[in-house]
Amino acid sequence: MLKEIVYMNEKQLRRSLAVLPIGTVIKLTSLSARQIRYYETQELVFPERSEGNRRMYSLNDIDRLLEIKDYLNDGFNMEGIRKVYAMKKAQAAAEESQKLSDADVRRMLRKELLNSGGMLEDNLTKLPRRRI
DNA sequence: GTTCTGACA
DNA sequence: TGTCAGAA
């Protein structure tokens, strides 16, 4: 958990901050409190809790809720949607290693530019070596 | 005033 | 899924 956060960029971090009460979520998604809470029991969304046990949602949760809404309109049931996310998660995990490779590619490209031009500051060399 | 949980004419 | 009750 902490490991993922370390590699998250600021934009993603902000989107994952749970700062919205259910009332705001209702307005943003046009879903009823009943539906939003029900989807949670179905393990489709995982809002945080704060203060007096109040649910707090992040922008990512909003997107998730909107997606669920679409899947429902497409005829999916709770189980089906849960499976969709399970597969999406598995796929993301499978692509993780590939993403690291892409980062290395960009690093190598940047290095090429530095060697030929020498005009850009080399911030990359200050970063820890990545193991492949 | 808002949200939570549980229950059902 | 709506809605009401009783509590926080």
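Below, chain A is the first sequence line, B the second, and so on; all start at residue 1.
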Undergrad: Can you tabulate the close N/O pairs, meaning under 3.5 Å, that link protein atoms to atoms of nucleotides 3-6 of chain C?
TA:
| from | atom 1 | to | atom 2 | distance (Å) |
| --- | --- | --- | --- | --- |
| C/dT3 | O4 | A/Arg34 | NE | 3.1 |

Undergrad: Under 3.5 Å, is there a donor-acceptor pair linking the side chains of A/Glu48 and A/Tyr57?
TA: no
Undergrad: Tabulate atom names and distances for all N/O pairs under 3.5 angstrom spanning the protein and nucleotides 1-5 of chain B.
TA:
| from | atom 1 | to | atom 2 | distance (Å) |
| --- | --- | --- | --- | --- |
| B/dT2 | O2 | A/Arg54 | NH2 | 2.4 |
| B/dT3 | OP1 | A/Gly23 | N | 2.8 |
| B/dT3 | O4' | A/Arg54 | NH2 | 3.3 |
| B/dC4 | OP1 | A/Arg55 | N | 2.9 |
| B/dC4 | OP1 | A/Arg55 | NE | 2.9 |
| B/dC4 | OP2 | A/Arg37 | NE | 3.1 |
| B/dC4 | OP2 | A/Arg37 | NH2 | 2.7 |
| B/dC4 | O3' | A/Asn53 | ND2 | 3.4 |
| B/dT5 | OP1 | A/Arg49 | NH1 | 3.2 |
| B/dT5 | OP1 | A/Arg49 | NH2 | 3.1 |
| B/dT5 | OP2 | A/Arg55 | NH1 | 3.4 |
| B/dT5 | OP2 | A/Arg55 | NH2 | 2.1 |

Undergrad: Taking any strand in view, what nucleotide pairs with C/dG6 in a Watson-Crick or G-U wobble way, both distances under 3.5 Å?
TA: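 Result: B/dC4.
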Undergrad: Looking at A/Ser32, does any N or O in its side chain come under 4.0 Å of the phosphate oxygens OP1/OP2 on C/dT1?
TA: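 For C/dT1, neither OP1 nor OP2 has a side-chain N or O of A/Ser32 closer than 4.0 Å.
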Undergrad: Are A/Glu40 and A/Arg55 ion-paired here, with the side-chain N under 4.0 Å from a carboxylate O?
TA: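 Result for this pair is yes, salt bridge flagged.
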Undergrad: May I ask you to say whether A/Glu10 pairs ionically with A/Arg15, meaning some side-chain N is under 4.0 Å from a carboxylate O?
TA: no
Undergrad: If you measure from OG1 on A/Thr41 to CD1 on A/Ile36, what distance do you get to the nearest 0.5 Å?
TA: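 Reported value, rounded in 0.5 Å steps: 12.5 Å.
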Undergrad: Atom CZ of A/Phe46 and atom CG of A/Asn60: how far apart are they, to the nearest 0.5 Å?
TA: 13.0 Å
Undergrad: How long is the gap from CG on A/Asp70 to CD1 on A/Ile81, to the nearest 0.5 Å?
TA: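 A/Asp70 CG to A/Ile81 CD1: 9.5 Å, rounded to 0.5 Å.
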Undergrad: For the OH atom of A/Tyr39 and the CD atom of A/Gln42, what is their distance to the nearest 0.5 Å?
TA: 10.0 Å
Undergrad: Would A/Ile68 and A/Leu31 count as a side chain to side chain contact (heavy atoms under 4.5 Å, CB included) if you check the C-alpha gap in whole Å, the side-chain angles of each, and the deciding distance to 0.1 Å?
TA: CA-CA 10 Å; A/Ile68 293 172; A/Leu31 288 171; over 6 Å; no
Undergrad: Separation of A/Tyr38 atom OH from B/dA7 atom P, in whole Å?
TA: 16 Å
